[in-house]
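This report concerns only the one structure given below.
No hydrogens, no waters, no symmetry mates; every other heavy atom, side chains included, goes into these values. Per chain, numbering begins at 1; letters A, B, ... match sequence-line order. Being a predicted model, the structure only gives us computed values, none of them experimental.
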Number of protein chains: 2
Amino acid sequence: MESHPPAGGHSVRTRSQHQRRKRIVQAAAALASRGGVEAMQMRTVAERAGVALGTLYRYFPSKMDLVVAVVGEEIDLLESSIERRPPGASTPASRAVDVLMRATRGLMREPELADALIRSLIMAEVQTPFGDRMTGLLLRVSAEGLTLEQASEEQRDLAGSLASVWVQELLEMLRGRRTYDQIQRRIETAAARLLAGI
Amino acid sequence: MESHPPAGGHSVRTRSQHQRRKRIVQAAAALASRGGVEAMQMRTVAERAGVALGTLYRYFPSKMDLVVAVVGEEIDLLESSIERRPPGASTPASRAVDVLMRATRGLMREPELADALIRSLIMAEVQTPFGDRMTGLLLRVSAEGLTLEQASEEQRDLAGSLASVWVQELLEMLRGRRTYDQIQRRIETAAARLLAGI
DNA sequence: ACAGATATTAGAATCTGTTCTAGTTTGCGA
DNA sequence: TCGCAAACTAGAACAGATTCTAATATCTGT
């Protein structure tokens, strides 16, 4: 209640703290993209980031918080990719499918990282903006640049449901139970119904 | 390659081994229904089940395998509940909603257990019949007692998607981000579209 | 520049899942 | 019934996340 640690994902006081945080997240991402979560050991992350273990824990109170931060960066990448090259398809559903499959391909490129991130996110006790950000993204591309706030409750429900389906399919893929094509088919089927006339 | 351990969830040789396995699963469930996964410590489970730690690990090679076993029991309960009192609603979608919300209420009764189970299931490397069993259940109640094998690919995709939405909603609830009513609304919305004319 | 608060560090300590060891018990075919 | 292979037991050992400690370094306001 008295101390003011650099808060996992929020404001940081000094420039050097900002740098430190960045180094930590980068080190974590690098390790995870090799051997997945197991390779991303807290001691190792601290070492690679040139920081004491205690400091790492001051920035990220648990390994999960660190993973969440890494995921944040990944979503940033996806968002900027979509900004750079927005989906051009003509229906809301197909634009949404475009975005989701683009994200899927991105994650497939680093399976270890993807596995670590998705699983950890799902496990997180932490409040993760993951689902909401994905839902917002879907609304934006499928319904006239709608934001989460502007959307009707039903629109949010529908976009959120599609995001849920995607996450689960991703998990199945990581378990080796889905191929890219199967995911695409399922996402298309679900999107066609969930986003019809949205 | 040479030893033949009692295989986590399969055949068991003797009666006493069957008993032992049962005691273990019961002890695990009891502990989990109190303090969740954390309370379900392997040492404690072993102790409560009156079994050596090594033996516990012979039956369940990892904590996850043990959790999967506990979940199996829970799904059995749901299935028999549905057999006893099948959903009576008139549309496929509302029958599906009935089943899912019944399952939701069941899990809400033991939140700690539910949390442990759902999370672990999602994390499991193991091949868990969870999604498939849920999907099969949904097909059965919504489309004329269809089985997973008889259903068309599209039917399986749609029922599977609904199951995905449900799982994610359950997770959100366990994170304290959904109320029962919100879940019900979302499931209804999704089911109406995904199962229309199935 | 000084004082007190905050941040960082190295490293030990703790906790829980998992593995290993050595010895004992049990089940079962000959 | 005898003897072996498999199962079981108690407990030590190991691994990685998390916590704790005592000392040092850095900041901030004055």
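Listed by chain and number, the residues in a side-chain contact (heavy atoms from CB on, under 4.5 Å) with A:Ser80 are A:Arg84 (sequence neighbours excluded). Residues passing the side-chain hydrogen bond (donor to acceptor under 3.5 Å, both in side chains) test with B:Glu149 are B:Thr147, sequence neighbours excluded. Taking B:Gln184 as the reference, B:Glu188 meet the side-chain hydrogen bond (donor to acceptor under 3.5 Å, both in side chains) condition, with sequence neighbours excluded. Residues that satisfy the side-chain hydrogen bond (donor to acceptor under 3.5 Å, both in side chains) test with B:Arg85, not counting sequence neighbours, are absent from this structure. Applying the side-chain hydrogen bond (donor to acceptor under 3.5 Å, both in side chains) test to B:Thr44 and every residue at least two apart in sequence or in another chain returns nothing.
Distances shown here put every side-chain N or O of A:Tyr59 at or beyond 4.0 Å from the OP1 or OP2 atom of C:dA7. The side chain of A:Thr55 contributes no N or O atom lying less than 4.0 Å from OP1 or OP2 of C:dA7.
If one axis is set at each end of the helix from C:dA1-D:dT30 to C:dA30-D:dT1 from five pairs, those axes are 20° apart, to 10°.
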Could you tabulate the donor-acceptor pairs under 3.5 Å formed by side-chain atoms of residues 67-74 of chain B, not counting sequence neighbours?
none

Please tabulate, for the side chains in residues 161-170 of chain A, all donor-acceptor contacts under 3.5 angstrom to protein atoms that are two or more places apart in sequence or on a different chain.
unit_1: A:Ser161; atom_1: OG; unit_2: A:Asp157; atom_2: O; d: 2.9
unit_1: A:Ser164; atom_1: OG; unit_2: A:Gly160; atom_2: O; d: 3.2
unit_1: A:Trp166; atom_1: NE1; unit_2: A:Leu100; atom_2: O; d: 3.4
unit_1: A:Trp166; atom_1: NE1; unit_2: A:Thr104; atom_2: OG1; d: 2.8
unit_1: A:Glu169; atom_1: OE1; unit_2: A:Arg178; atom_2: NE; d: 2.7
unit_1: A:Glu169; atom_1: OE2; unit_2: A:Arg186; atom_2: NE; d: 3.1

Counting only pairs under 3.5 Å, give me each side-chain donor-acceptor contact of residues 88-99 of chain B, with atom names and distances, residues two or more places apart or in other chains.
unit_1: B:Thr91; atom_1: OG1; unit_2: B:Ser94; atom_2: N; d: 3.0
unit_1: B:Thr91; atom_1: OG1; unit_2: B:Ser94; atom_2: OG; d: 2.6
unit_1: B:Ser94; atom_1: OG; unit_2: B:Thr91; atom_2: N; d: 3.3
unit_1: B:Ser94; atom_1: OG; unit_2: B:Thr91; atom_2: O; d: 3.0
unit_1: B:Arg95; atom_1: NE; unit_2: B:Val141; atom_2: O; d: 2.6
unit_1: B:Arg95; atom_1: NH1; unit_2: B:Ala89; atom_2: O; d: 3.1
unit_1: B:Arg95; atom_1: NH1; unit_2: B:Ser90; atom_2: O; d: 3.1
unit_1: B:Arg95; atom_1: NH2; unit_2: B:Ser142; atom_2: O; d: 3.1

Would you be so kind as to tabulate the donor-acceptor pairs closer than 3.5 Å made by side chains of residues 22-29 of chain B, with sequence neighbours excluded?
unit_1: B:Arg23; atom_1: NE; unit_2: B:Ala49; atom_2: O; d: 2.9
unit_1: B:Arg23; atom_1: NH2; unit_2: B:Ala49; atom_2: O; d: 3.1

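Rounded to whole angstrom, the span from the CZ atom of B:Arg58 across to the P atom of C:dT21 amounts to 15 Å. Regarding A:Glu47, its CD atom lies at a distance of 14 Å from the C1' atom of C:dG11, rounded to whole Å. Computed from coordinates, the A:Arg20 CZ to C:dT9 C1' distance equals 10 Å when rounded to whole Å. In this structure, the CZ atom of B:Arg21 is 18 Å from the C1' atom of D:dC8, given to the nearest Å. Atom CG of B:Leu66 and atom P of C:dT18 are 10 Å apart (whole Å). Between the CD atom of A:Gln17 and the C1' atom of C:dT6 there is a distance of 9 Å, rounded to whole Å.
A heavy atom lying under 4.0 Å from DNA chain D marks none of the residues of residues 24-34 of chain A.
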Between the protein and nucleotides 18-26 of chain D, list every N/O to N/O distance that falls short of 3.5 Å.
unit_1: D:dT18; atom_1: OP2; unit_2: A:Tyr57; atom_2: OH; d: 2.9
unit_1: D:dT18; atom_1: OP2; unit_2: A:Lys63; atom_2: N; d: 2.9
unit_1: D:dT18; atom_1: O5'; unit_2: A:Tyr57; atom_2: OH; d: 3.3

What do the steps show when you test A:Arg185 against B:Glu153 for salt bridge (Lys or Arg N to Asp or Glu O under 4.0 Å), and what is the final call? CA-CA 10 Å; A:Arg185 185 166 50 73; B:Glu153 204 155 40; 3.1 Å; yes

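For CD of B:Gln150, the number of neighbouring non-hydrogen atoms (other residues, nucleotides, ligands) closer than 6.0 Å is greater than 12.
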